[in-house]
Amino acid sequence: MIGYLFLMCCVIGIRGPGDTPDTAGYLEFYSEIEPGVWSRFSWYGFEPGFQFLTHIVKIFVGYNTFVYLFLVAAIISVFVCDATRRILCCTVYNEKTGIVKQPLLFALVVFYAYYGLFYSAIAIRAGLALSICLEILSILCLPRQKVKKRLCVGLLFLLAWSFHTSIIILIPILLIFCLMKSLSKMSYMLLLTLSALIFFSRINLLLIEWLGDAILLLITTGNAAMAKFSLYTEVLLERESGLSFKYIFQLFSGFMFLFGDLNDRKYIQFLNVYMVGVLLGSVLAPIAMAYRILDFFYIITFVLYVQLFMHLKFHYNLFYIACGITVYQIVLIYRVIYA
C-alpha cells in the first residue's frame, strides 16, 4: 500500500507547468514566492493555509517543484488513507475464506482511479479540503467521546477552510450525515427514480434557466453591493447541453449501493449524503462548474463501493481483477491529463 501511494505521488510530482492551467498557476506561485518573507503574505490570493504550506515547503526544499507537488499529493494521500482506515477498521482479507475484508488498498486504488488524480494533481487546494472533509466524516464514525470529536471536527474544519473556502459546503453535509435517518430501500429507489426523471427529461435545464433569471433579476434590481454577484450568475448560466456521463455513473452507482447493508448505521450515514448529492446533481449536472459543489457529496463514492463489496463478500480473486481494471483506468486518465 505504501509503495502504491509513493508511486502515485511520484507520478503527480513529475507534472510540468504546461500540463494544465491549474498546474501552471500553482508552479508559478511556488516559483515567485520568497520563502519565509511573510510581509508579502496576501489575503486576496490563494487561501492563507495553502500559502503557508507553500512557504514551509519552499523553506526546506527550495525551488524543487517535483518535491513540492509530491509533498502536496502525499499530504492528501495521508488524510485519505487515515480516514479510510478509520471508516473501514481495516484489515486486508481472510486467507482461509479468500474473502476480502476492509480492503484499504482497493479503496485507495478506486479513489485514485476516479477522483485522486484530479484532486491531487490539478485542483490541489480543493483536494486538500476534500481529504480533510473525509477525515472529519471518519472521526464522526467513532463511538462516544462527543467533546473530543467536536473539538477535532472544529479544528479540522478551520484547517480545511484555510486551504479552500468551498469547504463551507461541508456544513449541510454534516447535518445530513449526523441527523438524517435511514430510509427504506423503496424510498431510496423512489429518490433515485425521481433524480433520473429530472435528469433525463431535461427538466433541469428549465429549472436552471428559471433560477438564473431569478438571480439576475435580484441583482439588477438590487443595490450596488449586489453587483459583485454578477460573476456567479454568469457561471450559473454556463450550461452544457449534452448529458453528463459523470452524473450517469453516479446515478448508476446509487442503484448499486442499494445492494449494500442497509442495516449498517455507518453505511447508511454515507449513503444518505450520497443520495442527497444524486438528487442535487439531477438539477445541477448541466452546469459546467457544478462539480465544485457536487464532488463534496460524491467523494465518498469509493468508500461506499468498498463497503458494498465487503457486504457482498467480494472474493479476493475478483479483488485483484478489479485492482487491475482500476489501474488501467488510472493509465487512461494519466494519458488524458498529460496529453
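Numbering of residues begins at 1 and proceeds along the displayed sequence.
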> Are more than 12 heavy atoms from other residues, nucleotides or ligands located less than 6.0 Å from atom CZ of Phe259?
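It does not: Phe259 CZ has 12 such atoms or fewer within range.
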> Tell me, please, which residues at least two apart from Met256 pass side-chain contact (heavy atoms from CB on, under 4.5 Å).
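Here the qualifying residues are Phe252, Tyr305, Leu308.
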> Taking C-beta and beyond as the side chain, do Ile248 and Phe200 meet within less than 4.5 Å on heavy atoms?
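Result yes, sub-4.5 Å side-chain heavy-atom pair found.
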> Does a side-chain heavy-atom distance below 4.5 Å link Val303 with Phe111?
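Val303 vs Phe111: side chains apart.
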> Show which side-chain atoms of residues 119-137 pair as donor or acceptor with protein atoms under 3.5 Å away, not counting sequence neighbours.
{"unit_1": "Tyr119", "atom_1": "OH", "unit_2": "Asp295", "atom_2": "OD2", "d": "2.4"}
{"unit_1": "Ser120", "atom_1": "OG", "unit_2": "Gly116", "atom_2": "O", "d": "2.9"}
{"unit_1": "Arg125", "atom_1": "NE", "unit_2": "Tyr26", "atom_2": "OH", "d": "3.1"}
{"unit_1": "Arg125", "atom_1": "NH1", "unit_2": "Glu47", "atom_2": "OE1", "d": "2.5"}
{"unit_1": "Arg125", "atom_1": "NH1", "unit_2": "Glu47", "atom_2": "OE2", "d": "3.2"}
{"unit_1": "Ser131", "atom_1": "OG", "unit_2": "Gly127", "atom_2": "O", "d": "3.2"}
{"unit_1": "Ser131", "atom_1": "OG", "unit_2": "Leu128", "atom_2": "O", "d": "2.8"}
{"unit_1": "Glu135", "atom_1": "OE1", "unit_2": "Ala83", "atom_2": "N", "d": "3.3"}
{"unit_1": "Glu135", "atom_1": "OE2", "unit_2": "Arg86", "atom_2": "NH1", "d": "3.2"}

> Just verifying a value: how many Å separate Ile2 CD1 and Leu108 CG, rounded to the nearest 0.5 Å?
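Interatomic distance, Ile2 CD1 to Leu108 CG, rounded to 0.5 Å: 11.0 Å.
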> Do the side chains of Phe118 and Tyr291 get nearer than 4.5 Å, heavy atoms only?
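Side chain of Tyr291 against side chain of Phe118, heavy atoms only: contact under 4.5 Å found.
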> Checking Leu192 now: which residues fulfil side-chain contact (heavy atoms from CB on, under 4.5 Å) with it, not counting sequence neighbours?
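Per chain and number, Leu192 pairs via side-chain contact (heavy atoms from CB on, under 4.5 Å) with Leu251, Phe255, Leu258, Met275, Val278.
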> Judged by atom type as modelled, is there a donor-acceptor pair below 3.5 Å linking the side chain of Ser187 to the main-chain atoms of Leu183?
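Flag not set: sc Ser187 to bb Leu183 has no pair under 3.5 Å.
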> Tell me which donor-acceptor pairs under 3.5 Å the side chains of residues 5-13 have, and how far apart each pair is, sequence neighbours excluded?
none

> Residues in side-chain contact (heavy atoms from CB on, under 4.5 Å) with Val67, at least two apart?
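Only Val61, Asn64, Leu71 meet the side-chain contact (heavy atoms from CB on, under 4.5 Å) criterion with Val67.
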> Supply the atom-to-atom distance Leu53 CG to Lys58 NZ, rounded to the nearest 0.5 angstrom.
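Result: 13.5 Å between the selected atoms.
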> Nearest 0.5 angstrom please: Phe46 CZ to Ile33 CD1, how far?
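It comes to 10.5 Å.
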> I'd like to check the ring pair (Phe, Tyr, Trp, His ring centres under 6.0 Å) partners of Phe163; sequence neighbours left out, ordered by chain and number.
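With sequence neighbours excluded, Phe163 shows a ring pair (Phe, Tyr, Trp, His ring centres under 6.0 Å) to no residue whatsoever.
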> Please find out if less than 6.0 Å separates the ring center of Tyr274 from that of Phe257.
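Here the rings of Phe257 and Tyr274 have centres that are less than 6.0 Å from each other.
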> Considering only Ile, Leu, Val, Met, Phe, Trp and Tyr, and joining two whenever side-chain heavy atoms are under 4.5 Å apart, list the other residues clustered with Leu175.
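Besides Leu175, the hydrophobic cluster comprises Leu179, listed by chain and residue number.
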> Quick one: are Val72 and Val57 in side-chain contact, heavy atoms under 4.5 Å?
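A side-chain contact is absent here, since even the closest heavy-atom pair is not under 4.5 Å.
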> Can you tell if the side chain of Tyr115 reaches within under 4.5 Å of the side chain of Ile300, non-hydrogen atoms only?
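No, every pair of side-chain atoms sits at 4.5 Å or beyond.
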> For residues 279-286, please give each side-chain donor-acceptor pair under 3.5 Å, one per line with the distance, not counting sequence neighbours.
{"unit_1": "Ser282", "atom_1": "OG", "unit_2": "Leu279", "atom_2": "O", "d": "2.5"}

> Side chain to side chain donor-acceptor pair (under 3.5 Å) with Thr65: which residues, sequence neighbours excluded?
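Partners of Thr65 under the side chain to side chain donor-acceptor pair (under 3.5 Å) test: none.
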> Which residues satisfy the ring pair (Phe, Tyr, Trp, His ring centres under 6.0 Å) test with Tyr267, sequence neighbours excluded?
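Ring pair (Phe, Tyr, Trp, His ring centres under 6.0 Å) list for Tyr267, sorted by chain: empty.
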> Which residues satisfy the side-chain contact (heavy atoms from CB on, under 4.5 Å) test with Cys178, sequence neighbours excluded?
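With neighbours one apart ignored, the set is Leu140.
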> For Tyr30, check ring pair (Phe, Tyr, Trp, His ring centres under 6.0 Å) against everything at least two apart and list the hits.
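For Tyr30 the ring pair (Phe, Tyr, Trp, His ring centres under 6.0 Å) partners, ignoring immediate neighbours, are Tyr68.
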